[in-house]
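Heads up: the structure comes next, in structure tokens.
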Number of protein chains: 2
Amino acid sequence: MFPIDADAQTDAVADAPRVDDQLCFAVYAASHAFAKVYRPLLAELGLTYPQYLAMLVLWEADDCTVKAIGERLGLDSGTLTPLLKRLEAQGLVSRVRDADDERQVRIRLTPAGQALKPRAAKLPREIGRAIGRPLPEIIQLRQEIVRLRAALEAASA
Amino acid sequence: MFPIDADAQTDAVADAPRVDDQLCFAVYAASHAFAKVYRPLLAELGLTYPQYLAMLVLWEADDCTVKAIGERLGLDSGTLTPLLKRLEAQGLVSRVRDADDERQVRIRLTPAGQALKPRAAKLPREIGRAIGRPLPEIIQLRQEIVRLRAALEAASA
DNA sequence: TCCTATTGAATTGCGCGCAATCGAATTATC
DNA sequence: GATAATTCGATTGCGCGCAATTCAATAGGA
């Protein structure tokens, strides 16, 4: 028994771990599985999954800078700039340079972006039904994954 | 309290959920956090994270078809074909059409690909230390995430 | 046997995701 | 106030990840 990534491998030391035993792979596969469930539902709103995450941030706190969204989601400008431009092209957000600090670009919801909120709000509950497990369990699982993320981020810092 | 994706939101029905409360986001962020920890370690081996996953499959069972790797990792040919070509370009695998069924392409480790195995085998344990939690906990967490993935895949099928 | 359906890869197109770099704007130092 | 360092965002390049299409090879049925 070794503390191998996350897994229960018990074989000889020189053996490569089995992919199915890896915690990292379990998380990787679960993330893809989530995306696969969300994709068709989000397609009805004209959003991709990362675009949905950005909209979640804005629905919670409108008028953010790109940096603020990036910190919240863990994404950098190389990802967010084109993503936000696509949202702008769809008429869901506006992108204007801040008058006080022209380095910053403020992202604001348009009326169309606001209008999407109630439709999006119905979405997570549908997913919740799909998971089909009691809510307290789900909440606790989320907490443990959040702690896992924190430990990993501490390790890579 | 609603079964919202995965989260503990308690606000009014019309409100969009908060991103931090979402299980899907926790998993998404944890997956990125894993990638960030693995990336510099894998860079020493000249591999990306998905390439590492493909190599794990091959180290466990050499001489696979593209389809077999895809089923194991949940990836399709659009992702795997160029990925495997890059591994071939690095001299880690060979890609040859099966003589019996010329539709299939068999992927085999080269000596260089085999030689990478013991170096890669040391990797997960380093990560395990980074996580810094008792192994039984980790194993149980992995199990729950595997079950979550299964529920999601059942829902999107 | 011929015809059809199916299967396995490859290809194309688009959208992340990140490292590296750049340029403009701001702040700090002198 | 000139200079240097920092900050924010955009850009480029590369590698996934997936949907959709294409093509060759195989399997099945009349």
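Residue numbers begin at 1 in each chain, while the letters A, B, ... track the order of the sequences.
- With hydrogens and angles ignored, no donor-acceptor pair under 3.5 angstrom links the side chain of B/T81 to the base of C/dA9.
- Mapping A/L53 and A/D100 onto DNA chain C via the closest heavy atom, the residue that lands nearer the 5' end is A/L53.
- For the pair A/D76 and A/E102, both in contact range of DNA chain C, the more 5′-proximal nearest nucleotide belongs to A/D76.
- Distances were taken from every side-chain heavy atom of A/H32 (C-beta onward) to each of D/dG9, C/dA9, D/dC18; the shortest belongs to D/dC18.
- For B/T79, counting side-chain heavy atoms from C-beta on, the closest listed nucleotide (C/dA25, D/dC16, C/dA9) is D/dC16.
- Here A/D98 lies out of heavy-atom contact (under 4.0 Å) with every strand.
- Of the candidates D/dG9, C/dT11, C/dC16, the closest approach to any side-chain atom of A/R97 belongs to D/dG9.
- A straight line from CZ of B/R86 to P of D/dC14 spans 11 Å, rounded to a whole angstrom.
- Side-chain N or O atoms of A/R108 include none that pairs as donor or acceptor with a backbone N or O of A/S94 at under 3.5 Å.
- Checked by atom type and distance alone, the side chain of A/R133 never pairs as donor or acceptor with a backbone atom of A/I138 at under 3.5 Å.
- Which of C/dC16, C/dA10, C/dA25 sits closest to the side chain of A/R103 comes down to C/dA25.
- A/K122 has no carboxylate O lying under 4.0 Å from a charged side-chain N of A/E126, or vice versa, which leaves the two without a salt bridge.
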